[in-house]
Asks: 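Attaching a single structure in structure tokens format; questions to follow.
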Amino acid sequence: MPNTEVLAARSDGLGHAGGRLSVKSVGKSFGGATVLHDVTLDVAPGEIVALLGPSGCGKTTLLRCIAGLERIDHGSVTVEGRVVADGHAHERPERRRIGMVFQDWALFPHLSVADNVGYGLDRAARGSGRVEESLDMVGLAGLGERMPATLSGGQQQRVALARALAPRPSVLLLDEPFSNLDTGLRVQVRAEVHRLLTDLGITAMFVTHDQEEAFVLGDRVAVMHDGRLEQFGSPAELYEDPASAWIASFVGDANFVRGHAAGDRADTALGSVALTHTLSGEVDVLIRPEHLRVSPAEGNENGTVTNIEYFGHDHMIRVDLSDGTRLACRAPGWPTVSRGQAVTVDSDGSAAPAFAV
Ligand code: ATP
């Protein structure tokens, strides 16, 4: 566990706190193929941002551009008010005050824990107790002489984190930091790392393609799609008010029900549904599974149950409406309907986002 006294000392100003990171209109191409299209985002000091998107959308490239491992074609990257890259300038990675943790958290196997942590430090910093302080910070005080292979997977990751933090970076970048861990360890390690980052107040940006991970760890989530930043907001904003139907489907289970909008309501197969934004004409109304209610039909059925998935804390009822629309409806506790049963599905009355068709 992290040493809270060291953490407290650091957040009292004896150590470092996170700096602001600004990315402005950054573009990047490889051999004529544009991988980043004018990406702009601003990360506040101490904020943790998740960079979320499907494989190949440019997440790692953006991280590498920020770190200085790739040159940007245009735009700028600013760390704590200092431009570290723009269309002309390209500061070397080691001068940017940016720490980086890679997917495999790779340690040098032939170096001791202390030598791994001290690897990127100059002689003065190594002699000033920075290595011990960094190990203390991640809860590994006294393990400096050990070799990496003698530590557990979780401990090795904390050594990698100590190594990234030892030069006191303003911003920490993490590329898919938990993807190599199996489920149980992943949840534990990410909770530990999250606590450490928030206690330290460090500015962090991490790449993931896992929506749950992005929501659990990110103060804000930047969703990328085909090299573009599609939306940047809190997990609740993305879930409740997605900027596009694509985002709605990417961040959680989404039902789309075709309807005709007139102002702040739309007529659908589920009846009239309140909309979060006014619209007119043909729309797809987004209704999350937890906003649908399913009850046994009493002469007013509009669908049939095709399957029930029971999860313990809740269950998902799959329903086909008579017009062919397939719905997923989440309900708490035990199912009160069964497969093949005729049911009535309606909205719980929550206002829903809609998208013009
Ligand atoms: P993943 O989640 O699979 O890691 P990603 O969102 O991180 O994907 P990137 O690794 O940034 O995506 O890759 C984006 C696109 O840029 C891909 O089409 C990739 O093939 C291409 N690309 C990345 N690096 C290079 C390179 N050095 N040279 C040529 N193309 C590259």
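As the structure lists them, so they are numbered: ligands from 1, and atoms in each ligand from 1. All values below were derived from every heavy atom in this structure, side-chain atoms included, with hydrogens, water molecules and symmetry-related copies excluded.
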Asks: State, to 0.1 Å, how close Asp348 and Ser350 come at their nearest heavy-atom pair, and which atoms those are.
Replies: OD1-OG, 2.7 Å
Asks: Charged N to carboxylate O below 4.0 Å: is that the case for Asp38 and Arg228?
Replies: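 Salt bridge: no.
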Asks: Regarding Ser272 and Arg265, is there a side-chain donor-to-acceptor distance under 3.5 Å anywhere?
Replies: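 The criterion, which ignores hydrogens and geometry beyond distance, is satisfied for Arg265 and Ser272.
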Asks: side-chain hydrogen bond (donor to acceptor under 3.5 Å, both in side chains) between Ser112 and Glu145: does it pass, once the steps are laid out?
Replies: CA-CA 6 Å; Ser112 69; Glu145 296 309 312; 5.4 Å; no
Asks: Would you check if the side chain of Ser347 reaches a backbone N or O of Gly349 as a donor-acceptor pair within less than 3.5 Å?
Replies: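 Yes, because the side chain of Ser347 sits within donor-acceptor range (under 3.5 Å) of the backbone of Gly349.
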Asks: Check which hydrophobic residues are tied to Val223 through side-chain heavy-atom contacts below 4.5 Å, counting indirect links as well, and list them.
Replies: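 Grouped by the 4.5 Å side-chain rule, Leu52, Phe215, Val221, Leu238, Tyr239, Trp246, Ile247, Phe250, Val251 form the rest of the cluster around Val223.
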Asks: Need the list: ligand 1 N/O atoms against protein N/O atoms, distance under 3.5 Å, rounded to one decimal.
Replies:
residue: ligand 1; atom: 2 (O); partner: Lys59; partner atom: NZ; Å: 2.9
residue: ligand 1; atom: 3 (O); partner: Ser55; partner atom: OG; Å: 2.6
residue: ligand 1; atom: 6 (O); partner: Gly56; partner atom: N; Å: 3.4
residue: ligand 1; atom: 6 (O); partner: Cys57; partner atom: N; Å: 3.1
residue: ligand 1; atom: 6 (O); partner: Gly58; partner atom: N; Å: 3.0
residue: ligand 1; atom: 6 (O); partner: Lys59; partner atom: N; Å: 3.0
residue: ligand 1; atom: 6 (O); partner: Lys59; partner atom: NZ; Å: 2.9
residue: ligand 1; atom: 7 (O); partner: Thr60; partner atom: N; Å: 2.9
residue: ligand 1; atom: 7 (O); partner: Thr60; partner atom: OG1; Å: 2.8
residue: ligand 1; atom: 8 (O); partner: Gly56; partner atom: N; Å: 2.8
residue: ligand 1; atom: 11 (O); partner: Thr61; partner atom: N; Å: 2.9
residue: ligand 1; atom: 11 (O); partner: Thr61; partner atom: OG1; Å: 2.5
residue: ligand 1; atom: 12 (O); partner: Gly58; partner atom: N; Å: 3.3

